[in-house]
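This report concerns only the one structure given below.
Treat the numbers as computed from the prediction; the structure is a model and nothing was measured. First the proteins, then the strands, lettered A, B, ... as listed; each starts at 1.
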Amino acid sequence: MKYHLAMMHPQIEDEEIIERYVRKQLAEEERKAFEEHFFGCNDCFEKLQVAERFVAGLRDAARRGLLAREVEGTSRGSIWRGWLVPAFGVSVCAALVLAAFSGWLYFSQMPKLREQLSRSAEDLRAQQAARAELEHQMTSSIQAEANLPLVMLQAERDVQTAPNEVSIPAGAKRLVLWVDVPAGKSNSFRLQLDTADNRPVETLDNLQRNSYGALAVSLPAETLQPGDYRIKLTVEPPPSSLLAEYRLRIRRP
Amino acid sequence: MVSALGDAELVTSIQNGQTDAEAALYEKYAAKVYYLALRESRLPHDAEDVRAETFLRVLQAIRGKSLRSPDALASFILGTTRNILHELFQRRKQAGKTKEPEAADLSTPSHEEQFLDSEVQHAIERTIVRLKPRERDLLRMHFYEELPTQEIARRAGIAPERVRLIKSRALKHFREFYWRLDRASAPKKIDTQRR
């Protein structure tokens with residue numbers, strides 16, 4: 001018995017002895033040893049019979065063309081290899097490129113775009129504010145205004161002379177100055193409004209006498225804070241000469 | 001049950017004149033002797049003759065108590081088979097026929113054909129359907145084109161171990177399919193066991 005068990009099952013399994021015996025690829029000593037083994041081992045003889053049928057069946061199938069790559073009834077594989085794989089590959093590549101572009105856009109360009117958008121929004125808000133202000137001013141300018149404050153300026157004769165006073169009520173938008181101009185040949189005048197400490201507030205050129213022989217000037221009330229002002233009236237064109245000087249005291253209730 | 005006896009008991013029983021022990025001995029080794037004889041001789045009728053002559057000589061040796069070690073009965077039967085095959089090849093040579101199976105004419109039926117029947121073909125077809133195209137390529141290269149495993153692995157772009165795995169898996173599927181078909185036609189036996 002020890003002879004036909006000389007070749008042990010692990011060796012038979014590891015070295016594919018059965019298949020090699022069927023295919024007649026064993027060396028003579030191996031062949032004899034395996035024959036000794038299967039003559040005393042029914043399991044291995046049974047496996048040998050199955051392997052003989054398997055190899056005979058496969059060779060027969062190969063001769064009949066059943067082991068060709070394209071076997072009838074298995075066209076699914078050929079379709080898959082034929083065009084679906086390339087199409088799938090192209091789709092995957094396109095998806096990867098798109099994903100890479102999206103990533104680049106998100107991580108690289110999006111912060112810049114957000115910053116630009118933020119700046120644009122700020123610009124827009126500034127423009128809207130400026131437009132609202134302008135509209136407010138235009139609305140103010142075209143609306144009729146009652147109880148318009150007005151002061152008829154009297155030229156100062158000396159230091160003790162009381163300044164011209166006017167009270168600008170709350171809500172008043174304009175202050176009208178009425179200036180009686182001394183008779184003369186000049187028809188064009190300049191009016192300069194300064195604070196008492198000589199900071200310029202407003203300068204109006206090309207003033208013309210009205211039908212009363214006076215100058216009528218409208219000043220924005222909001223530029224006139226309570227306090228004392230000096231008004232100089234000069235003749236145009238240059239060289240200008242001081243025609244008159246006035247003191248004005250603005251009061252607000 | 002005589003059929004359940006070991007080789008030593010079978011020898012003793014035959015030597016004691018029990019004919020059912022001779023039948024049990026034949027039942028136990030006939031398929032193996034026939035398989036080896038068919039594989040070597042390639043001709044079924046020669047294989048049958050070898051099998052008959054082998055058992056005749058074995059039984060004579062047992063009855064004559066010339067078998068040195070009853071435990072080595074299997075080896076004795078194998079040796080007897082080989083001797084008779086050798087005698088067969090000598091006769092063929094003397095008759096002008098080829099001696100060695102490997103040198104046999106291509107028209108000589110291979111023992112492989114004795115294993116091929118409709119059940120084997122059907123089981124193989126069912127196995128092939130379950131294979132991927134690359135696996136079919138691999139089996140064709142291995143079993144039909146007889147390419148070395150390394151070359152097959154190189155062509156298929158896989159590791160040699162993978163070749164072995166695919167073969168093993170295909171064989172497993174074949175065995176399952178074949179056994180189902182074999183059970184469905186239980187009385188039928190493969191010709192390798194014919195008497």
Side-chain angles (χ1 to χ4, degrees), chain A residues 1-6 13-16 18-25 28 31-42 44-82, chain B residues 6-8 28-29 31-33 35-36 39 69 71-75 77-79 81-82 101-102 110-117 119-125 127-129 131-134 136-146 149 164 167-168 170-171 174-175 178-179 190 192-193:
Chain A
M1 219 28 145
K2 67 179 181 181
Y3 292 106
H4 44 75
L5 290 179
E13 191 73 23
D14 293 345
E15 298 179 13
E16 297 184 293
I18 294 178
E19 182 202 306
R20 290 168 59 206
Y21 180 80
V22 170
R23 298 173 65 200
K24 299 183 177 177
Q25 291 184 337
E28 186 174 357
R31 178 178 64 81
K32 287 181 177 177
F34 180 61
E35 287 172 350
E36 292 277 354
H37 179 91
F38 78 71
F39 254 72
C41 178
N42 289 333
C44 283
F45 183 65
E46 182 69 26
K47 288 179 182 177
L48 178 60
Q49 300 297 292
V50 172
E52 286 279 11
R53 293 184 182 98
F54 179 64
V55 174
L58 279 178
R59 287 175 175 166
D60 172 67
R63 284 189 290 271
R64 290 190 288 144
L66 297 180
L67 282 178
R69 288 187 71 88
E70 305 300 335
V71 176
E72 189 178 353
T74 58
S75 58
R76 183 179 60 178
S78 61
I79 290 172
W80 179 254
R81 289 192 313 277
Chain B
D7 284 352
K28 187 173 182 179
Y29 288 102
K32 294 173 182 175
V33 171
Y35 166 76
L36 184 62
R39 173 187 164 96
S69 172
D71 286 334
L73 178 62
S75 291
I77 296 173
L78 174 62
T81 307
R82 284 175 177 161
E102 288 74 13
S110 165
H111 86 286
E112 184 178 297
E113 294 177 8
Q114 306 303 318
F115 288 95
L116 193 62
D117 59 15
E119 290 172 356
V120 170
Q121 287 180 322
H122 190 50
I124 281 290
E125 287 165 7
T127 302
I128 289 173
V129 167
L131 298 173
K132 297 172 183 173
R134 190 175 66 175
R136 286 197 289 270
D137 272 350
L138 187 149
L139 293 180
R140 187 189 67 250
M141 288 188 282
H142 186 75
F143 289 106
Y144 188 67
E145 298 174 10
E146 302 275 343
T149 300
R164 182 170 178 169
K167 284 191 302 179
S168 174
L171 176 60
F174 168 78
R175 185 185 296 118
Y178 181 77
W179 280 354
I190 293 297
T192 53
Q193 297 180 21

Once you round to the nearest 0.5 Å, how far does [atom1] of [X] lie from [atom2] of [Y]?
X	Y	atom1	atom2	value
B:Ile124	A:Arg64	CD1	CZ	9.0 Å
B:Lys32	A:Cys41	NZ	SG	7.0 Å
A:Glu35	B:Thr81	CD	OG1	9.5 Å
A:Phe38	B:Leu78	CZ	CG	7.0 Å

Item to complete: Under the side chain to side chain contact (heavy atoms under 4.5 Å, CB included) rule, what do A:Arg23 and B:His142 come out as? Steps first, then yes or no, please.
Response: CA-CA 10 Å; A:Arg23 298 173 65 200; B:His142 186 75; 2.6 Å; yes
Worksheet item: B:Ala170 versus chain A, heavy atoms under 4.5 Å apart: side chain, backbone, both or neither?
Response: both
Worksheet item: Tell me, side chain or backbone of B:Leu36 under 4.5 Å from chain A's heavy atoms, or both, or neither?
Response: side chain
Worksheet entry | Electrostatic pair B:Glu119:A:Arg53 at N-O distance under 4.0 angstrom | no
Worksheet item: Does the pair A:Arg59/B:Glu146 count as a salt bridge with the N-to-O cut at 4.0 Å?
Response: yes
Worksheet item: Below 6.0 angstrom between ring centroids: does that apply to B:Tyr178 and A:Phe54?
Response: no
Work out which heavy atom in [X] is nearest to a heavy atom in [Y]; give both atom names and the distance.
X	Y	answer
A:Glu46	B:Trp179	OE2-NE1, 4.5 Å
B:Arg140	A:Ala68	NH1-CA, 4.0 Å
B:Arg136	A:Leu66	CD-O, 3.7 Å
A:Asp60	B:Gln121	OD2-NE2, 2.9 Å
B:Leu116	A:Ala56	CD1-O, 3.8 Å

Discussion item. Taking CD in A:Glu13 as the centre, count heavy atoms belonging to other residues, nucleotides or ligands within less than 6.0 Å. Is the count above 12?
Written reply: no
Worksheet item: Is the NZ atom of B:Lys167 crowded by more than 12 outside heavy atoms at less than 6.0 Å?
Response: yes
Worksheet entry | Side-chain donor-acceptor pair present, B:Lys28, A:Asn42, cut-off under 3.5 Å | no
Worksheet entry | Stepwise side chain to side chain contact (heavy atoms under 4.5 Å, CB included) test for B:Arg39 and A:Lys24 | CA-CA 10 Å; B:Arg39 173 187 164 96; A:Lys24 299 183 177 177; 3.5 Å; yes
Fill in: Contacting moiety of A:Arg63, where chain B heavy atoms sit under 4.5 Å
both
Worksheet entry | Any side-chain heavy-atom pair of A:Leu67 and B:Tyr144 under 4.5 Å | no
Worksheet item: Should B:Phe174 and A:Val50 count as side-chain neighbours, where that means a heavy-atom distance under 4.5 Å?
Response: yes
Item to complete: Classify the ring geometry between B:Tyr35 and A:Phe45 as parallel (under 30°), tilted (30 to 60°) or perpendicular (over 60°).
Response: perpendicular
Practice prompt. Identify which one of B:Val120, B:Leu171, B:Thr127, B:Leu139 satisfies the side-chain contact (heavy atoms from CB on, under 4.5 Å) criterion when paired with A:Leu58.
Written response: B:Leu139
